[in-house]
Structure formats: C-alpha cells, structure tokens
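Please read the structure below before turning to the comments.
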Amino acid sequence: SVLYWRLFGAGGWGPVNDMIYSVFVFNRFGTCIFHEDYTPNQKRPRGKEKVWVPTQKEEDRFKLTAGLVHSVKYFIMAMSKKDEVADGFFGFQTNMYKCHYLESATGYRFVLLTDPGVQFADTKQPLREIYNTFSQVVSKDPSYTHSKTCVIVSPAFGDHLHDLLCQLPFHSAEQSV
C-alpha cells in the first residue's frame with residue numbers, strides 16, 4: 001500500500017490525511033476497466049483519450065484488489081446473520097487505508113481507496129454518482145462493449161470522475177488541478 005506524506009508548515013512531515021488514494025472500476029468478469037491513482041500535486045491531463053495498456057505489475061495489483069474485495073465481501077456475508085447485511089457490503093478498513101465499495105445490479109464494481117479517516121457514509125453518494133457517470137457516459141458510448149477485455153478510454157468519463165472527486169471534502173487540496 002502506498003502512503004503519501006506532505007510537509008506540515010513548520011511542523012515537519014506527516015501523513016496525508018483524509019484523501020483519496022485510488023479509484024478502480026471492475027467489470028462483471030473481475031477485469032479492471034478503469035483505474036486512477038491520486039497523489040499530492042497531481043496534474044491530470046484533461047480531454048485526452050487514455051490509451052491504457054496496464055503493465056504486469058499493474059495487472060497483478062488489479063487482480064489482488066479485485067480478489068481481496070471479492071473475498072472479504074463473501075466472507076462477511078457468510079459469517080453475518082442475514083439481517084446484519086441487509087444493506088449489503090460497502091467496504092472494509094485496515095490501519096493503512098479504507099476500501100469503499102459499490103456493486104451495480106449488472107455486476108460492475110466501483111472501488112474507492114481512501115485514508116482510514118474518511119467515513120463510509122461520506123462515500124455512498126459519491127460512489128453512486130460515479131456509477132451514474134459510468135451509466136451516462138460509458139454505457140451509452142457506441143465504442144464501448146460490455147466484454148471481458150474492453151477498458152474505458154473515454155476522456156469524458158475520466159474528466160467527469162476527476163471533477164466529481166475534486167468536489168469532495170476529503171479530496172486533498174494538493175490534488176486538485
């Protein structure tokens with residue numbers, strides 16, 4: 001896991017709190033079709049189609065992330081009473097990060113990795129908005145096919161996602177463009 005640090009004025013260095021680390025979109029086959037890491041002082045190119053060919057290291061990271069989320073989700077559902085998980089699985093937390101999760105009825109999975117200080121309740125609506133953006137921009141794009149290997153290359157999706165995340169209170173000021 002990546003932990004980012006920033007300079008606290010005269011106070012020295014410290015961890016970056018309450019920030020977004022990464023966003024993942026997985027299709028119903030478990031393939032990562034969109035991914036973006038957020039780092040302090042990042043400048044995101046806008047309006048450019050992202051020709052995305054992940055490296056082997058990225059592929060491994062995506063598979064581990066998808067597998068971890070899948071395993072934790074089904075473990076929690078198997079170990080919980082039916083009425084305890086009525087709202088479904090929406091994430092888990094470690095001491096290094098918090099994983100926020102939304103799964104659509106069609107099997108698309110939206111994962112947001114944040115600082116542990118970000119509350120689950122604060123990400124429910126943004127995850128729904130990411131899904132709505134996906135539905136409006138990607139699903140209606142004639143060049144996108146809902147196949148196992150089709151990744152999102154639409155610049156509109158990345159730009160909408162970036163704009164949405166920049167509006168969130170836990171999006172670090174150093175991350176904005």
Please check this pair: side chain of Arg109 against backbone of Val25, looking for a donor-acceptor N/O pair closer than 3.5 Å. no
Would a 4.5 Å heavy-atom cut-off, applied to side chains only, mark Phe92 and Thr94 as touching? yes
Calculate, to the nearest 0.5 Å, the distance between atoms CG and SG belonging to Asn27 and Cys32 respectively. 9.0 Å
Atom CD1 in Ile130, atom CD in Gln125: separation rounded to 0.5 Å? 10.5 Å
When Val69, Val111, Thr31 are each screened for side-chain contact (heavy atoms from CB on, under 4.5 Å) with Phe26, the one that passes is Val111
Classify the angle between the aromatic ring planes of Phe24 and His35 as parallel (below 30°), tilted (30 to 60°) or perpendicular (above 60°). tilted
As an exercise, state the distance from CD1 of Ile20 to CG of Asp115, rounded to the nearest 0.5 Å. 11.0 Å
Inter-residue atom distance Asn132.CG - Ser104.OG, 0.5 Å rounding: 11.0 Å
Nearest non-hydrogen partners of Val23 and Leu165, listed with the distance: CG2-CD1, 3.6 Å
Let me check something: do Tyr101 and Ile76 share a hydrophobic cluster, defined by ILVMFWY side-chain heavy atoms less than 4.5 Å apart, either directly or through other members? yes
Rounded to the nearest 0.5 Å, how far does CZ of Phe110 lie from CG of Leu102? 6.5 Å
So which heavy atom on Leu112 is nearest to which on Thr123, and how close? CD2-CG2, 4.0 Å
For Phe29, does the CZ atom sit with more than 12 other heavy atoms under 6.0 Å from it, leaving out its own atoms? yes
Using distance alone, with no hydrogens and no angle criterion, decide if Glu129 and Tyr131 have a side-chain donor and acceptor under 3.5 Å apart. no
Taking the six-membered ring for Trp, are the ring centroids of Tyr97 and Tyr21 within less than 6.0 Å of each other? no
Return the minimal non-hydrogen interatomic distance between Ala66 and Gly30, and the atom names on each side. CB-O, 4.0 Å
Considering only NZ, NE, NH1 and NH2 on the basic side and carboxylate oxygens on the acidic side, decide whether Arg61 and Asp37 come within less than 4.0 Å. yes
For Ile33 versus Cys150, what's the shortest heavy-atom pair and its separation? CG2-O, 3.2 Å
Mark yes or no: Lys98 above the aromatic ring of Phe120, with NZ or CZ under 6.0 Å from the six-membered ring centre and no more than 45 degrees from the axis. yes
On the 0 to 90° scale, with breaks at 30° and 60°, tag the Tyr108-Phe134 ring pair as parallel, tilted or perpendicular. tilted
His100-Phe90 aromatic ring centre distance below 6.0 Å: no
Would you find a donor on one side and an acceptor on the other, under 3.5 Å apart, between the side chain of Gln136 and the backbone of Thr133? no
Side chains of Asp60 and Gln56: is there a donor and an acceptor less than 3.5 Å apart? yes
Minimal non-hydrogen separation, Pro126 against Leu164, with atom names: O-CD2, 3.7 Å
